[in-house]
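Contents: one structure, followed by commentary.
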Protein chains: 2
Amino acid sequence: MTDQIPTARQEGKRATRARDVVEHLTRAIHERRLGPGMKLSEDEVGEIFGVSRTIVRAALQQLAHDSLVAIEPHRGAFVAQPTVREAREVFEARALLEPRTARSAALRATPRDIGLLKRHMDQEHEALAAGQNGLALRLSGQFHLEIARIADQATIEGFIAQLVSRSSLVIALYWRRPQAMCESHAHHALMRAMEDRDGDRAEEVMKGHLLDLLSLLDLQDPVPVPQSLKEALTGR
Amino acid sequence: MTDQIPTARQEGKRATRARDVVEHLTRAIHERRLGPGMKLSEDEVGEIFGVSRTIVRAALQQLAHDSLVAIEPHRGAFVAQPTVREAREVFEARALLEPRTARSAALRATPRDIGLLKRHMDQEHEALAAGQNGLALRLSGQFHLEIARIADQATIEGFIAQLVSRSSLVIALYWRRPQAMCESHAHHALMRAMEDRDGDRAEEVMKGHLLDLLSLLDLQDPVPVPQSLKEALTGR
DNA sequence: GCAGACCTGATCGTATACAATCTGCGATGA
DNA sequence: TCATCGCAGATTGTATACGATCAGGTCTGC
């Protein structure tokens, strides 16, 4: 109760605070402040956010449903540690969903959409230039989500959102290169294809992009980085 | 507390009873004992299953995450009523996922898998012959799930499971023909393609099968069938 | 007679309390 | 010294209690 997160969005639409906790935790995972295997104690999380365990439990169960955290009965919740097999599955699923979605997006994109994508990519570059790798990684994932949104397929967008989230964990565990994102080129090429309304090219670029990502993963387990939970959540 | 469901599987692996409630409700929806729009009062569900609202809430939130129920704040939980747009999205997503999954399954299927599929299809026929349309519908959905399982893609299997579930609701709302399942032929053809290890044919058959289903939907809203909750859940 | 405000009953959102279970440490004996 | 047993603390699973919010009906004033 001493120092808690600034209540997130108090102008929020709904009173349900579980959503806030989910958002904070998800963002922390995306930015790699929360690493795979880290324990998420209900009491601890509840104190940090200033909510009771009821809320925390709901949030954790929701995250577990997206395979972002693993709940072990009578043991607790932990940030998920995708196995090699799961890592492969995630990218195979993305390879199945995203190329065709990129095609649809390219065919449907309005000039406004293109503008938003450009702004998004600028932010990505800024974060990268500023050395904020965590932020850059999260923005990079959001780029893929934006494309699904442009394709106007809410259901598929939900699936991709889940897969992008899990990809963060996969990258945290299996990424070799210290240089975080060399993939800006791919995003740029994708955007140009969409600008040209070239569905074929967009699909092909996305396919290659995902294959690149997968090929850059080393399917051995590097050391996880268990750090303090509180520091990860409060230390912006 | 007077008459409650027989506690489902008491040999179950885990103590979490929320999973039981989810399973029961899901099955009820699949078999169309619970129709779109039906209210799921927390107290009522809790009494029927002999659990507290805590459990019921967890179950309902899980179902909401799969878009099987819609939770309206301060109003309650209702069996979802997919809009025309959602209906289309569900089948578009299935068309994206299932054909390629069927191809993988055909290439990986063992004789044991084929045997299980055959038995499954027999059950489907039996249910249909016995006039148990609800059961037949559920088994028909499980057939698709079995294929994803054979393809050995747990992640994609999860997505398909969700889509198949939602398809039940879509069918309940937008199906015209009184004859429930004329699609047994498609399942049969699919199985033969898998028996022949013919990935191309399996993919093609699945694609056509899903297009058939979509074309049989009439995207106008027929009357929903609101009935008693308790009767739907206890009256096996 | 009708429209709008008020009240009431019911239902949900959240917090807290209690019971069940697990983990870790220390005592005990070989 | 090492392995095993048992207890204490901590953490999770579930139930219940209380406050907040909303839908529907009733009553009053025009």
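First the proteins, then the strands, lettered A, B, ... as listed; each starts at 1.
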| query | Taking a pair as Watson-Crick (N1 to N3 plus N6-O4 or O6-N4) or G-U wobble (N1-O2 and O6-N3), both under 3.5 Å, which stems of 3 or more consecutive pairs involve DNA chain C? | reply | C:1-30 with D:1-30
| said: Does D:dA15 have its OP1 or OP2 closer than 4.0 Å to a side-chain nitrogen or oxygen of B:Arg17? | reply: yes
| request: Take the protein atom CZ of B:Arg57 and the nucleotide atom C1' of D:dT16, then report the distance between them rounded to whole Å. | output: 14 Å
| query | The side chain of A:His74 lies closest to which of these nucleotides: C:dG13, C:dC22, D:dA15? | reply | C:dC22
| request: Let me know the distance between CD of B:Glu72 and P of D:dC22, rounded to the nearest Å. | output: 12 Å
| Is it true that A:Arg85 and A:Glu89 make a salt bridge, defined as a side-chain N closer than 4.0 Å to a carboxylate O? | yes
| message | Once you apply a heavy-atom cut-off of 4.0 Å, does A:Arg75 come out as touching a base, just sugar-phosphate, or nothing? | response | sugar-phosphate
| said: Tell me whether the side-chain N/O atoms of A:Thr54 come closer than 4.0 Å to OP1 or OP2 in C:dT14. | reply: no
| request: May I ask you to check whether B:Gln61 and A:Gln61 show a side-chain donor-acceptor distance below 3.5 Å? | output: no
| task | Could I get the full list of side chain to side chain donor-acceptor pair (under 3.5 Å) partners for A:Arg53, not counting sequence neighbours? | result | A:Glu42
| Choosing from D:dT16, C:dT11, D:dT11, which nucleotide comes nearest the side chain of B:Lys39? | C:dT11
| field | Nucleotide C:dC12, atom P - distance to CG of B:Leu40 in whole Å | value | 10 Å
| said: So A:Arg53, base contact, sugar-phosphate only, or nothing? Heavy-atom distance under 4.0 Å. | reply: base
| task | Take the protein atom CD of A:Glu42 and the nucleotide atom P of C:dT16, then report the distance between them rounded to whole Å. | result | 15 Å
